[in-house]
Amino acid sequence: MNYWLMKSEPDVFSIHDLKRKRKTGWDGVRNYQARNYMRDGMKKGDLVFFYHSNAEPSGIAGIARVSKERHPDPSQFDANSEYHDPKATPEKPIWEMVEVEFMEAFSHVITLAELKAAPALKNLPLVQKGTRLSVMPVGETEWKEIVKLAHGEI
DNA sequence: GCCAACGTTGGC
DNA sequence: GCCAACGTTGGC
């Protein structure tokens, strides 16, 4: 099993929205590297940190789980969607996504400052300079460390 | 709202 | 294939 982190602006869709909705298709990703992680890397059952970006505070807010593997992102075909891609057709889709289901909302957000301050997390892609991906991998070691932080065990 | 750091686009 | 211009992300 692999571990991941996905970013969402909580004003648009937060961990609490996911809790209410139970599951959601992760549509709207329009970056090739992030798409490739969803298309080629993410398998059913993989666990995902739900990261709140552009938030007060920004940080990891909870855990989700991949409930459906790669499939075309329907918003690319929707002329009324802000994510519409005129180059994509149902026969030749460009953008794929996964579906995730709610697992847990942390009692407090693990802030970006906390993540940056933890020596054990220095290899976490999120805290490395210049990483702006909205979907990225998390190592097993880092995953366990962050879960400990979230559950107050550190 | 600012701006640094990237990614994408398009002219050549 | 280069690279300037532009757009986007996202922390602060």
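The figures that follow rest on heavy atoms only: side chains count, while hydrogens, waters and symmetry mates do not. Chain A is the first sequence line, chain B the second, and so forth, proteins listed ahead of strands; every chain is numbered from 1. Only a predicted model underlies this, so the values are computations on that prediction, with no experimental measurement involved.
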Residues 84-94 of chain A vs salt bridge (Lys or Arg N to Asp or Glu O under 4.0 Å), sequence neighbours excluded, gives A/D85-A/K87

Applied to residues 1-19 of chain A, the salt bridge (Lys or Arg N to Asp or Glu O under 4.0 Å) test, sequence neighbours excluded, yields A/D17-A/R20

Hey, can you pull the donor-acceptor pairs under 3.5 Å for the side chains in residues 101-108 of chain A, sequence neighbours left out?
{"residue": "A/E101", "atom": "OE2", "partner": "A/R65", "partner atom": "NE", "Å": "2.9"}
{"residue": "A/E101", "atom": "OE2", "partner": "A/R65", "partner atom": "NH2", "Å": "3.0"}
{"residue": "A/E104", "atom": "OE2", "partner": "A/H151", "partner atom": "NE2", "Å": "2.8"}

Applied to residues 28-47 of chain A, the salt bridge (Lys or Arg N to Asp or Glu O under 4.0 Å) test, sequence neighbours excluded, yields A/R30-A/D73

Per-nucleotide protein contact along nucleotides 7-12 of chain C, 5' to 3', at a 4.0 Å heavy-atom cut-off (B base, S sugar-phosphate only, - neither), is -BBBBS

Side-chain donor-acceptor distances from residues 120-133 of chain A under 3.5 Å, at least two apart:
{"residue": "A/Q128", "atom": "NE2", "partner": "A/K122", "partner atom": "O", "Å": "3.1"}
{"residue": "A/Q128", "atom": "NE2", "partner": "A/N123", "partner atom": "O", "Å": "3.3"}
{"residue": "A/T131", "atom": "OG1", "partner": "A/P125", "partner atom": "O", "Å": "3.1"}
{"residue": "A/T131", "atom": "OG1", "partner": "A/Q128", "partner atom": "O", "Å": "3.2"}

